[in-house]
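Each remark here refers to the structure printed beneath this line.
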Amino acid sequence: MHNPPPATLRLTVDTDALAANWRALAALAGEASRVKTGAAVKANCYGLGVDACVPVLRDAGAAAFFVAHWSEVPAVLQHVSAEHIIVLHGPGTADEAAYARAIGVKPVINSILQAKLWIATGAGPCHLMVDTGINRLGVGPHGLSDPAIQGLDIGILLSHLASADEASPMNAQQLRAFQTCQEQVRHQQLSLCNSAGIALGSAYHHDLLRPGLALYGGVPCPELADVIRQVAFPQAAIIQKRQLRAGDSVGYNAAFTAQHDMPAAVVSLGYADGFLRCWGAHGFLRNAGRDLPILGKVSMDMVVVDLTAAPELAEGDWLDLPYHLPDASRLSGLSQYELLTILGQRFQK
Ligand SMILES: *Cc1c(COP(=O)(O)O)cnc(C)c1O
């Protein structure tokens, strides 16, 4: 068999920065505190790769690994034992409940229906998500007295903040609602904070933190700006160099027309790789700190950039995507979460 030649797209994951981000978030809960720090590793570690990230987070000391789907469990199970994996969507079918028991991964129960299913299929230890205002998954305050909920063997009682990344009165409201829930169901541990929630302070921390975005270099709130390092460094190669003449147009619908002669590069990067059309208008790629503006529309597999600032570059040279996430989000209009999870399959990790 022949191995394929190296790809013209690559994604470097800075595993030192990943570990440093985990430690920095854990340290925000206080060095000697009893608060444990887990990691959200759903969606293939926010697109950066379970195989690249989970061992680093495990070795750093992560106490729990959160995925959304049951289909995400096998990849994580390659690196950590089942007791440390938590499935946020919970058991929706008897098959899912059977799978949870067979491999020993505890589900998060999110509704009375899921509680009944979990009990009917054999009960046993689980976690419980309570809804304190986000109205997504979770049992609402009025459902907690239901016999199915009262009959659960709950390890962690969780809730999720809707607006932790803003100075919103909703944060304190949800904290109070969570405190009320704690009195209504027996549990062993409490968990409320995502990345941004950690910055809200120790009143929010409880027993277990669940950061995701900030581990991977996202900065959801200003308090974390100096603490979090960039982790994902995507790059794309030049596959053709061209000399544009004044009056030449570039790409679909001739959205850019050269006003003067200029060197340009066709780059192996398109919207199929997660570099969406919203980058076309104000976007640029970079080389050695030089900005290379995008010319015209982003195609499925290609984008054209102005090489005026870097005329020596040629086929095979690498360009950086501007992936400092807070800046990239402002420029593209995409959320930092979207910027990470959208990176496509053609990036070689
Ligand atoms: C995704 C998720 C997290 C992590 O959130 P970030 O904002 O990425 O830190 C934590 N808890 C739950 C329930 C989640 O779904």
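On a predicted model such as this, the values are computed, not experimentally measured, just so you know. Both counts, for ligands and for their atoms, begin at 1 and track the order of listing.
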Checklist entry - Should we count NZ of Lys36 as having more than 12 external heavy atoms under 6.0 Å? => result no
Item to check | Shortest protein contact, atom 7 (O) of ligand 1 (heavy atom only) | outcome: Tyr337 OH, 2.6 Å
Checklist entry - Does Gly212 reach ligand 1 with a nitrogen or oxygen that is under 3.5 Å from one of the ligand's nitrogen or oxygen atoms? => result yes
Checklist entry - Side chains of Cys193 and His205: closer than 4.5 Å at any heavy-atom pair? => result yes
Next on the checklist: Quick one: does any side-chain atom of Asn253 pair with a main-chain N or O of Ala255 as donor and acceptor, under 3.5 Å?
Outcome noted: no
Checklist entry - Below 4.0 Å from any atom of ligand 1, is there a heavy atom belonging to Phe66? => result no
Next on the checklist: Could you check whether any heavy atom of Pro211 sits closer than 4.0 Å to an atom of ligand 1, since that is the contact criterion I want to use?
Outcome noted: yes
Checklist outcome for this item: atom 9 (O) of ligand 1 sits nearest the protein heavy atom Ser195 OG, 2.5 Å
Item to check | Protein contact of atom 5 (O) of ligand 1 - nearest heavy atom, named by residue and atom, plus distance | outcome: Asn194 CB, 3.3 Å
Checklist entry - Any idea which atoms of ligand 1 are less than 4.0 Å away from a heavy-atom of Ala40? => result 4 (C)
Checklist entry - Is Ile103 atom CD1 crowded by more than 12 heavy atoms from other residues, nucleotides or ligands, each under 6.0 Å away? => result yes
Next on the checklist: What protein heavy atom lies closest to atom 11 (N) of ligand 1? Include the residue and the distance to one decimal.
Outcome noted: Arg210 NE, 2.9 Å
Item to check | Polar side-chain atom of Trp279 near backbone of Ser332 as donor-acceptor pair, under 3.5 Å | outcome: no
Checklist entry - Can you check whether Leu213 has an N/O within less than 3.5 Å of an N/O in ligand 1? => result yes
Item to check | Pairing residues for Glu338 by the side-chain hydrogen bond (donor to acceptor under 3.5 Å, both in side chains) criterion, not counting sequence neighbours | outcome: Ser335
Next on the checklist: Would His89 count as a contact residue for ligand 1, given that I'm defining contact as a non-hydrogen atom of the residue lying under 4.0 Å from a ligand atom?
Outcome noted: no
Checklist outcome for this item: ligand 1 to Arg136, heavy atom cutoff 4.0 Å, flagged ligand atoms 15 (O)
Checklist entry - Side chain, backbone, both or neither: which part of Leu158 has a heavy atom under 4.0 Å from ligand 1? => result neither
Next on the checklist: Tell me the protein heavy atom at minimum distance from atom 1 (C) of ligand 1, and give that distance in Å.
Outcome noted: Lys42 NZ, 1.4 Å
Checklist entry - With distance as the sole test, does Arg58 use its side chain to make a donor-acceptor pair with the main-chain N or O of His79 at under 3.5 Å? => result yes
Checklist entry - Just which atoms of ligand 1 are under 4.0 Å from any heavy atom in Tyr46? => result 1 (C), 4 (C), 5 (O), 6 (P), 8 (O)
Checklist entry - Quick check: does any side chain N or O of Gln114 sit under 3.5 Å from a backbone N or O of His89, one acting as donor and the other as acceptor? => result yes
Item to check | Test applied, side-chain contact (heavy atoms from CB on, under 4.5 Å); reference residue, Leu157; option that passes from Leu144, Leu192, Asp207, Leu128 | outcome: Leu128
